[in-house]
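One-based numbering along the sequence shown. What you see is a predicted model; the values in this text were computed from it and never measured.
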Amino acid sequence: MGILEKIKDIELEISRTQKNKATEYHLGILKAKLAKYRSMLLEPTSKSGGKGDGFEVTKSGDGRVAMIGFPSVGKSTLLTKLTETESVAAAYEFTTLTCVPGVIKYKGAKIQLLDLPGIIEGAAQGKGRGRQVIAVGKTADVVLMMLDATKGEVQKKLLEAELETVGIRLNKQPPNIYFKVKAGGGLSFNSTVPLTFLNEKMVRLILHEYKIFNAEVLVREDATVDEFIDIVEGNRSYMRCVYVYNKIDQLSMEELEEIASRPHSIVVSCNMDLNLDRLVKMIWDYMGLVRIYTKRRGQAPDFSDAIVLRKGDTVETMVKMIHKDLVAQFKYCLVWGTSTKHIPQKVGLAHVLDDEDVLMIIKK
């Protein structure tokens, strides 16, 4: 029996099993088996065939956004509108057959936008180049899920289920669980909060399925069985996602307002150029980029060339980006901007920077 057949059998058994106190441990074991087989399915095969047409694109710019969605929802049109790249667009499905990159230039930053081939149901099993699409999607900072506004909820549920299957979690934080495999000593299980779904027996059964008998587990939130399995697997990607509803010119105002009020969602029309500027701003906010400017002693700051960092980055990150050897020569730096209590403020390498801060580095 192949892996796909085993996955189908387990999914069927889970759907047939009633969910109650008597079956919760059985369901926990089934979920662990299912996660294990799905991971095996996504691992690249050892046999490498001949070289095909290139799919992965070299990462460039200050960040990467991956567009995923069903065929003919407007991904290629959006890429052409937001960047200077021409991606073939047509009224028939599967026009885009490989990964097409473009660059969005916004606030002095360059954001790489990837137009991935249309994901179809079953992409997790490798259909429609699905495995490659998902592998490229995992390298992105933000996922842009393109949906047809006229049938958006159906498409959204199918895509979310497909991405969930391959270990991509959208707009979620990793569960607050400490997990470490040990050489001996059995299982040590503790929690700092009351637990609804997990207990020592459940954790022990799940770990036995992975042939783990010695481990330390500390649960700091009321996590589910699936979230604990995610921690054990250790290969999950937690990504921010913007749901882009295209073709809004075909909707009524009531439908439009209802869709626009949903969390992480934005409504656009690529053909009529509606709301595209707000979409770019939303991508910028979700990526959490900040621009930092430099100045020389006795000169005005250079606002023409920003160094783009992530929110939470420190002076040390910035110094290393300028030159790796500069950290050894670093004495202190003066900062003008919203990250300081007074202007200018003398700071060290651990100082966290804000958007549009200006730095003057003093060397030893």
Could you tell me whether the side chain of Asp62 and the main chain of Ile111 form a donor-acceptor pair under 3.5 Å?
no

Linking I/L/V/M/F/W/Y whenever their side-chain heavy atoms sit closer than 4.5 Å, directly or via other members, would Ile104 and Val65 fall into one cluster?
yes

Within the distance-only criterion (no hydrogens, no angle test), does the side chain of Asp357 pair as donor or acceptor with the backbone N or O of Ile292 below 3.5 angstrom?
no

Which is it for Leu27 and Val225 under the side-chain contact (heavy atoms from CB on, under 4.5 Å) test, yes or no, and what are the steps along the way?
CA-CA 9 Å; Leu27 282 169; Val225 172; over 6 Å; no

Are Ile307 and Leu326 in one and the same hydrophobic cluster, where Ile, Leu, Val, Met, Phe, Trp and Tyr link if side-chain heavy atoms are under 4.5 Å apart?
yes

Atom pair NZ (Lys19) and NE2 (His26), whose distance is rounded to the nearest 0.5 Å:
11.0 Å

With a 3.5 Å distance limit and no angle check, can you tell me whether Lys281 reaches the backbone of Asp285 through a side-chain donor-acceptor pair?
no

Taking the side chain as everything from C-beta on, heavy atoms only, tell me whether Val203 gets closer than 4.5 Å to Val219.
no

With a 4.5 Å cut-off on side-chain heavy-atom distances among I, L, V, M, F, W and Y, is there a chain of contacts connecting Leu274 to Met67?
yes

Single-linkage hydrophobic cluster Tyr238~Leu163, side-chain heavy atoms < 4.5 angstrom
no

Before giving the answer on salt bridge (charged side-chain N to carboxylate O under 4.0 Å, His left out), spell out for Arg169 and Glu164 the whole-Å C-alpha distance, their side-chain angles and the decisive distance to 0.1 Å.
CA-CA 6 Å; Arg169 306 285 178 261; Glu164 194 87 9; 3.6 Å; yes

Does any N or O in the side chain of Gln329 come within less than 3.5 Å of the main-chain N or O of Lys363, such that one atom is a donor and the other an acceptor?
no

When you compare the side chain of His264 with that of Leu170, does any pair of heavy atoms fall below 4.5 Å?
no

Tyr243 pairs by side-chain hydrogen bond (donor to acceptor under 3.5 Å, both in side chains) with which of Gln155, Glu160, Lys156?
Glu160

Please, which pairs that meet side-chain hydrogen bond (donor to acceptor under 3.5 Å, both in side chains) have at least one residue in residues 204-214, sequence neighbours excluded?
Glu200-Arg204, Tyr210-Glu233

Main-chain N/O of Asp355 paired to Lys311 side chain as donor or acceptor, under 3.5 Å:
no

Between Thr224 (side chain) and Glu227 (backbone), is there a donor-acceptor pair under 3.5 Å?
yes

Can you tell me which residue among Thr294, Ile322, Val315, Leu334 is in a side chain to side chain contact (heavy atoms under 4.5 Å, CB included) with Ile361?
Ile322

Tell me yes or no: between the side chains of Asp277 and Tyr106, is some donor less than 3.5 Å from an acceptor?
no

Decide whether Met321 and Tyr293 are clustered together by the hydrophobic rule: side chain heavy atoms of Ile, Leu, Val, Met, Phe, Trp, Tyr closer than 4.5 Å, transitively.
no

Is the backbone N or O of Val73 less than 3.5 Å from a side-chain atom of Asn246, with the two atoms forming a donor-acceptor pair by type?
yes

How long is the gap from CD on Glu356 to OG on Ser339, to the nearest 0.5 Å?
12.0 Å

Do Asn271 and Asp249 come within less than 4.5 Å of each other through their side chains, counting heavy atoms only?
no

Identify each donor-acceptor pair in which a side-chain atom of residues 177-197 lies under 3.5 Å from a protein atom, sequence neighbours left out, and give them as a table.
from: Ser191; atom 1: OG; to: Val193; atom 2: O; distance (Å): 3.3
from: Thr196; atom 1: OG1; to: Asp222; atom 2: OD1; distance (Å): 3.4
from: Thr196; atom 1: OG1; to: Asp222; atom 2: OD2; distance (Å): 2.5

Going from CD on Glu316 to CZ on Phe330, what distance comes out if it is rounded to the nearest 0.5 angstrom?
9.0 Å

Nearest 0.5 Å please: distance from the CD1 atom of Ile248 over to the CG atom of Leu256.
5.0 Å

Do Tyr286 and Asn171 come within less than 4.5 Å of each other through their side chains, counting heavy atoms only?
yes

Should the heavy atoms of other residues, nucleotides or ligands under 6.0 Å from NZ of Lys33 be counted, would the total exceed 12?
no

Does atom NZ of Lys107 have more than 12 heavy-atom neighbours, drawn from other residues, nucleotides or ligands, at distances under 6.0 Å?
yes

Give a yes or no answer on whether the side chain of Asn275 reaches the backbone of Ser269 with a donor-acceptor pair at less than 3.5 Å.
no

Heavy-atom closest contact (Ile229 atom, Ala35 atom, distance):
CG2-CB, 3.4 Å

Could you grab the distance from atom CG of Leu198 to atom CD1 of Ile206, nearest 0.5 Å is fine?
6.5 Å

Pair Asp148, Thr150: side-chain N/O donor-acceptor within cut-off below 3.5 Å:
yes

